Colleague: 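Just dropping this structure here.
Not measured: the values here are computed from a predicted model.
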Amino acid sequence: MADYIDRQILCQAYVHVEPSHFSAKDAETLRETIKEFIQKRGEFFIGSGIETEIVFEDGSLKIKASIYAKVTIAITNAIVLYGGFRAGIDYLAADGKGLSEATVLECLFQTQCHHNETIHTEARIGVIGQIKRVNNSIDRIRHDLPSVDTELSAKRIDRLAEEIRRLRSNIKDQQDIDFVSEKIMAEVDALLPKKAPKNFLSKESIRRYELSRQNIADSLQGL
């Protein structure tokens, strides 16, 4: 397996099947067919500079078809194409999911496996999916901030900070970590005020909110 030290999986199709008739020669043909399939579509939907990998694992027939890319480059391409970080992530995640699902179907077609010969399939979207979940969490907190219990808001913000820490730990390249952290911090600054909202009445709740809000900033700095 290749070691893409500065790249992340942006989408991956996992297929586990038990085909009735499948030889070693068939497997090599399948590898080349799927590699060409995801390479062309990956370059269109994600952008140039991607790397593709097809891995066969032991046990019946297990296939992992992955697209790797520099996160900074992929997101920058999406921002240019769609006009902003939020829209870029949304569409990049949707394209990655669609490409993963299409690759699953192509693997089933090429192996001629119907449901009765299919053990498990999965369409994965990797780190872009994590970034989208962080964005969605920010949106939910902002939407509920004026109306929900102040302690609950603070707990949600703390969970968001932990979510960000997990995201950062899953990104390999420091340039990508810094780029993603900067973009998310801009979203946080735009949507979650540093000072507690007016419905935080007591000094304790105000302090609790501001500590949790600072926890997000710390998480984005790797603290």
Side-chain angles (χ1 to χ4, degrees), residues 1-78 81-82 88-133 166-177 179-180:
M1 184 181 296
D3 182 16
Y4 300 106
I5 192 167
D6 65 341
R7 294 168 186 261
Q8 298 289 141
I9 292 176
L10 295 196
C11 69
Q12 184 181 78
Y14 174 79
V15 176
H16 183 189
V17 292
E18 289 186 331
S20 303
H21 305 285
F22 206 78
S23 66
K25 183 178 179 181
D26 292 331
E28 199 52 44
T29 301
L30 175 64
R31 184 192 303 275
E32 294 305 315
T33 300
I34 299 302
K35 188 174 181 65
E36 181 180 8
F37 181 89
I38 64 170
Q39 181 75 38
K40 289 182 177 179
R41 287 153 185 81
E43 288 174 352
F44 177 78
F45 288 107
I46 295 173
S48 59
I50 64 168
E51 298 285 347
T52 60
E53 182 180 52
I54 312 298
V55 176
F56 290 168
E57 297 181 343
D58 293 336
S60 305
L61 178 60
K62 297 179 181 178
I63 309 161
K64 279 185 181 177
S66 308
I67 291 180
Y68 294 80
K70 278 277 292 175
V71 173
T72 299
I73 295 174
I75 295 177
T76 300
N77 289 342
L81 190 59
Y82 298 115
I89 291 296
D90 286 347
Y91 287 118
L92 195 55
D95 287 344
K97 184 69 170 177
L99 181 53
S100 297
E101 291 171 343
T103 305
V104 166
L105 290 177
E106 185 66 14
C107 288
L108 295 178
F109 173 73
Q110 293 296 335
T111 56
Q112 293 292 284
C113 286
H114 290 289
H115 292 291
N116 60 323
E117 294 177 313
T118 301
I119 297 172
H120 182 68
T121 65
E122 193 172 342
R124 303 163 177 166
I125 53 175
V127 71
I128 298 300
Q130 284 187 278
I131 298 171
K132 180 173 171 56
R133 287 192 291 274
R166 286 194 298 272
L167 168 63
R168 283 174 55 95
S169 71
N170 287 335
I171 301 176
K172 299 177 183 178
D173 182 68
Q174 189 61 48
Q175 181 188 16
D176 288 341
I177 293 172
F179 176 82
V180 170

Colleague: Looking only at heavy atoms, which two atoms of V104 and Y14 are closest? And how far apart?
Modeller: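 Closest approach of V104 to Y14: CG2-O, 4.2 Å.
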Colleague: Within the 4.5 Å heavy-atom criterion, are T29 and T33 side-chain neighbours or not?
Modeller: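 Yes. Closest side-chain heavy atoms under 4.5 Å.
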Colleague: Atom CD in Q112, atom CG in D26: separation rounded to 0.5 Å?
Modeller: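 The CD atom of Q112 sits 11.0 Å away from the CG atom of D26.
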Colleague: Nearest 0.5 angstrom please: D90 CG to D95 CG, how far?
Modeller: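 Here the rounded value is 11.0 Å.
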Colleague: Count the heavy atoms of every other residue, nucleotide or ligand shown that sit under 6.0 Å from CD of E43, and state whether that count exceeds 12.
Modeller: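 For E43, atom CD is crowded (more than 12 foreign heavy atoms under 6.0 Å).
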Colleague: Where is the tightest heavy-atom contact between I34 and A65, given as atom of each residue plus distance?
Modeller: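 Scanning both residues completely, I find the closest heavy atoms to be CG2-CB, 3.9 Å.
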Colleague: Which distance, rounded to the nearest 0.5 Å, do you find between the NZ of K40 and the OG1 of T52?
Modeller: 12.5 Å
Colleague: If we ignore hydrogens and angles and just use 3.5 Å, is the side chain of K97 paired with the main-chain N or O of I125 as donor and acceptor?
Modeller: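 Between the backbone of I125 and the side chain of K97 there is no qualifying donor-acceptor contact (under 3.5 Å).
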Colleague: What closest approach, in Å, do I38 and I67 show between heavy atoms, and which atom pair accounts for it?
Modeller: O-CD1, 3.7 Å
Colleague: Indicate yes or no for a side-chain donor-acceptor contact from E117 to the backbone of S20 under 3.5 Å, with no hydrogens or angles considered.
Modeller: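 Flag set: sc E117 to bb S20 pair under 3.5 Å.
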Colleague: Kindly give the heavy-atom pair with the smallest separation between F45 and L92, and that separation in Å.
Modeller: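 The pair with the smallest heavy-atom distance is O-CD1, 4.3 Å.
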Colleague: Is there a side-chain contact (heavy atoms from CB on, under 4.5 Å) between R124 and I9? Walk through the geometry before answering.
Modeller: CA-CA 9 Å; R124 303 163 177 166; I9 292 176; over 6 Å; no
Colleague: Would you find more than 12 non-hydrogen atoms of other residues, nucleotides or ligands less than 6.0 Å from H120 atom NE2?
Modeller: yes
Colleague: Measuring from atom CD of Q12 to atom CD of E53, what distance do you get when rounded to the nearest 0.5 angstrom?
Modeller: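 Result: 8.5 Å between the selected atoms.
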Colleague: Would you say the side chain of E18 lies within less than 4.5 Å of the side chain of S60, judging by non-hydrogen atoms?
Modeller: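 Sidechains of E18 and S60: in contact.
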Colleague: Looking at every non-hydrogen atom in both residues, tell me the closest pair between G96 and C11 and how far apart they are.
Modeller: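 Closest approach of G96 to C11: O-CB, 3.5 Å.
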Colleague: Got V127 and L167 here, is their nearest side-chain heavy-atom distance under 4.5 Å?
Modeller: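 In short, these two side chains touch, coming nearer than 4.5 Å.
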Colleague: Working to the nearest 0.5 Å, report the span between OG1 of T111 and CG of L61.
Modeller: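 Interatomic distance, T111 OG1 to L61 CG, rounded to 0.5 Å: 6.5 Å.
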Colleague: Go through the steps for V15 and T118 under the test side-chain contact (heavy atoms from CB on, under 4.5 Å), then give the verdict.
Modeller: CA-CA 8 Å; V15 176; T118 301; 5.6 Å; no
Colleague: So V71 and D173, do their side chains get closer than 4.5 Å, heavy atoms only?
Modeller: no
Colleague: Between E28 and R31 (salt bridge meaning N to carboxylate O under 4.0 Å), is one present in this structure?
Modeller: yes
Colleague: Is a donor on one side and an acceptor on the other found under 3.5 Å between the side chain of T76 and the backbone of I73?
Modeller: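 Pair absent, no side-chain N/O of T76 close to backbone of I73.
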Colleague: Do L30 and F56 make a side-chain contact, defined as non-hydrogen atoms from C-beta onward lying under 4.5 Å apart?
Modeller: yes
Colleague: State, with a plain yes or no, whether a side-chain heavy atom of I63 is found less than 4.5 Å away from one of V55.
Modeller: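 A side-chain contact is absent here, since even the closest heavy-atom pair is not under 4.5 Å.
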Colleague: Taking side chain as C-beta onward, heavy atoms only, is N170 less than 4.5 Å from Q130?
Modeller: yes
Colleague: How long is the gap from SG on C113 to NE2 on H16, to the nearest 0.5 Å?
Modeller: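 The NE2 atom of H16 is 10.0 Å from SG of C113, to the nearest 0.5 Å.
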Colleague: Can you tell me if Q8 uses its side chain to pair, donor with acceptor, with the backbone of K172 under 3.5 Å?
Modeller: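 Side chain of Q8 to backbone of K172: a pair is present.
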